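Data block below; observations after.
This is a predicted model, so every value here is computed, not measured. Quick note on labels: first sequence line is chain A, next is B, and so on, each numbered from 1. Both backbone and side-chain heavy atoms feed into the values below; hydrogens, waters and symmetry mates do not.
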Amino acid sequence: MAVQALDAERLPIDWQKLALPAVLIAVAYGLIPTYASSYLVEAILLPFLALSLAAVGLNLLTGYCGQLSLGSSAFMAVGAFAAYNFNLRVEALPLVATMILAGISAAGIGILFGLPSLRLRGFYLAVSTLAAQFFVQWALTKFGWFSNDNPSGVISAPHLTVAGFSLDGPTGRYLLSVTMVIVLTGLVWRLVNSAIGRNFIAVRDNETAARVIGVPVLRTKLLAFAISSFIIGVAGVLWAFTYLRTVEPAGFNLDRSFQILFIIIIGGLASIRGAFLGAAFIVVFPLVLSRLGAFAFGGLFDSGVLDMSQRIVLGALIIIFLIAEPNGLSALFDRLKRRIGSRSS
Amino acid sequence: MNYYDFLFAIEVLVGGLLSGVMYSLVAIGFVLIYKTSGVLNFAQGSMVLFAALTFVSLVERGVPFALSLLVTLAVMVALGFTIERTVLRPLVNRSPMTLFMATLGLSYIIEGAAQLIWGTQVHGLDLGIDDTPFEVGGILISSFDLLAAAIAAAMVAGLSAFFYSTRIGLTFRAVADDQFAALAVGLRLPRIWGTVWTTAGFVALVAGLLWGARLGVQFSLSLIVLKALPVLVLGGFDSILGAIVGGLIIGASEKLAEVYLGPFVGGGIEGWFAYALALVVLLVRPSGLFGQKTVERV
C-alpha cells in the first residue's frame, strides 16, 4: 500500500495538517479586516504578507530544489515594474490579470538567469545569480521606459480595483494581498507534495543520483527557477502596489535579497510555514529591538546605533539558528507543539 | 584607429590591469579560506572594512603608524581564532551552503560591530604614497596603482614562500588536499583553520589599507566583496593563480568595456559587466579557469 501511495501522482492530503491553516485563514478574513488598526495593517501586515510570499517563492528554489539564489529582489523588481507597465500600457486590464502577467514576466527573467544552473553548481551558481541582481537594477534605472520616463526611476501604484470595488484603503489592500498570498501558497503547497515537488527534493539531495533514477534534472531546475520567480514577482507587485505604493529600483537591492534569504534560514528551509514564521520575525524584530533599546539605553540608542545593533543581532541569529536549529523557527514550533501536546494528554 | 586612439586604448588597458590587481588582492583572501576549509567566506569584505577602520581610527587617535599596524594585526588574529571557535567549529561537517550562509551572518556582525565601535563617518587614509601619474612612452600610469601592484606581488610571493617552505604552510596544503587524511596523521584542524583565518585577516588588512587609501575608509569598503566574487568565479575558487589572472582579466575588460561599450548602452555597466563576463567563461569552463574539477559520485 505504501508503495502504491508513493507511485501515485500526488501524495494523499493529510487533512489534520489543514486545521491550523484553516483557522489562520478564518482569522485573516474574519477578524483582522474588522479589528486591526490601520497602523497594524500598513506597517506590519502588508510588508509581512509581501515578504512571506517572496520567501515562499525563494524557499521553493533554495529550500526544496537546493539552488541558492542571491538575486531574489531582482525578481521582485521585475514583477513590480512589469505590473506597473502592463497597467499603464494595456487599457482596462483587470488587476489580477496584471499581477499574473507580472509574475509571468518575472518567470521569464527567472528562466533566463536560471539557464546557467544547467551547467553550474553550488557557489558558482550562487555568484552568477548576483548577475541578475545587478543587471536588473541597472536596466530599470538606466532605461526610462520602464518607469514611464520618471527622472529618478520611481513608479507609483495605480488605483487598485477588482470587479468595480476600490481596494485603495488599507483594508482593501490587505484583502487583496492576503488573497493572493493564500491562493499562491495553496498552489505551492500542492506542488511540493506532487511528483514535481519530489523531483525538486531529489535534485537538491543528490543531483547525480536524481539523474540516474530518471529525474529530468535540467527541466526540474528550470521549472524551479520559473515558478519561484513567478511567485517572487507577484510578491514584488504586492510590495510595490499594496505596501509601499511608491518604489524605485534602488529599493530592490542586494540587502533585500539577503533579507528574503534570512527569512527562509530563520524560518526554516524547505518549509512553507517557515517562510511565514521567518517573515513575521523579520518584520517585527526591528520594532521590538528599537523599543527594547530605547527602554534599556534611553537617548544613547539613536537610529544609527539601532541600525548597527540590528545588523549585529540579525547576523548572530543567523549563525545561532544555523548551529542550533538548522530547520529554523518551523522546527522550534513543532517541538513546542509536541511538548504542549504531551503535557495535555 | 590612429596612433593616439591606440595609445589611449593601451592606457585604459594598463589602468584596468592595475585596478584588476586590487581586485585580486581581495580575492586572494577568499581563496586562502576556500582552499583550506571549503568555506566561501562572504565576510571577507567586512573583514577588509574592519581592518581598515580599526587601523585608521587608531592612527587618528595619535597612535604611531607601526604600532597601529601591529595592534590591528593582533585584532585580526583574535578575530580569526574567535571565528574558528564560535562559528566554524560548531558547524563542522555541515554543507558548504550552510557555512556560506553562516559567513553571510558573520559579515553582518563584523560590519555592524566595526561601525558601532568606530562610528560611521568617512575616514581619509593617507599612506604617504605619492599619487601623481607619470608618463611611459606617452601613456599615463598612476604611481599609486603601480605601488599597489608591487605590494600585491610581494604579498603573493610571501604567501607562496610561506606555503611552500614553512611547516605551517605544509599543514595548510595538507588540509587543502585532504581533510580526513590530514586529521588522520594528527594535524590539528581547529588550530590550522584559526591560522588560515588569521592569514586571511592579514590579507584583508593589506587590501583594506590600499583600498582605503583609494576610496576612503567607510562602509562601502565592505562592498568590494562584490567586486571580488566575479574574479573568484572566473579564476576558480581554489586557485591563487586564478584569483590573480581573474583579477587582471576582469579589471582590464571592465575598463575597456566601460570606455568602448558603455556609451552604447548608457554607461554605468561596471556593476554587472564583470558578472556577465564571468558567466560567459563559466559556460565554457564550469569550475572557472583554474578551479579544480569536482568528481561526482552517487
Using heavy-atom distances under 4.5 Å, tell me whether [X] contacts chain B through its side chain, its backbone, both, or neither.
| X | value |
| --- | --- |
| A:Leu115 | neither |
| A:Leu125 | neither |
| A:Ile213 | neither |
| A:Ile318 | side chain |
| A:Leu269 | side chain |

Contact class of B:Val280 relative to chain A, heavy atoms under 4.5 angstrom: neither
At a heavy-atom separation under 4.5 Å, does B:Leu40 approach chain A through its side chain, its backbone, both, or neither? both
Pairs of heavy atoms under 4.5 Å with chain B: top-ranked of [options]:
| options | answer |
| --- | --- |
| A:Ile265, A:Ile320, A:Leu130, A:Leu314 | A:Leu130 |
| A:Gln137, A:Lys142, A:Arg311 | A:Arg311 |
| A:Trp138, A:Phe321, A:Phe134 | A:Trp138 |

What I'd like to find out is whether the side chain of [X] reaches to under 4.5 Å of the side chain of [Y], using heavy atoms alone.
| X | Y | value |
| --- | --- | --- |
| A:Leu261 | B:Leu104 | yes |
| A:Ile319 | B:Ile109 | yes |
| A:Leu254 | B:Leu226 | yes |

Kindly compute the distance separating [atom1] ([X]) from [atom2] ([Y]), expressed to the nearest 0.5 Å.
| X | Y | atom1 | atom2 | value |
| --- | --- | --- | --- | --- |
| A:Tyr124 | B:Leu229 | OH | CG | 12.0 Å |
| B:Phe100 | A:Leu70 | CZ | CG | 5.0 Å |
| A:Leu68 | B:Met97 | CG | CE | 5.0 Å |
| B:Tyr275 | A:Gln133 | OH | CD | 10.0 Å |

Is there a ring pair (Phe, Tyr, Trp, His ring centres under 6.0 Å) between B:Trp272 and A:Phe135 once you walk through the steps? CA-CA 6 Å; B:Trp272 56 267; A:Phe135 182 79; 4.8 Å; yes
Is a side-chain donor or acceptor of B:Arg94 paired with a backbone partner of A:Leu322 at a separation under 3.5 angstrom? yes
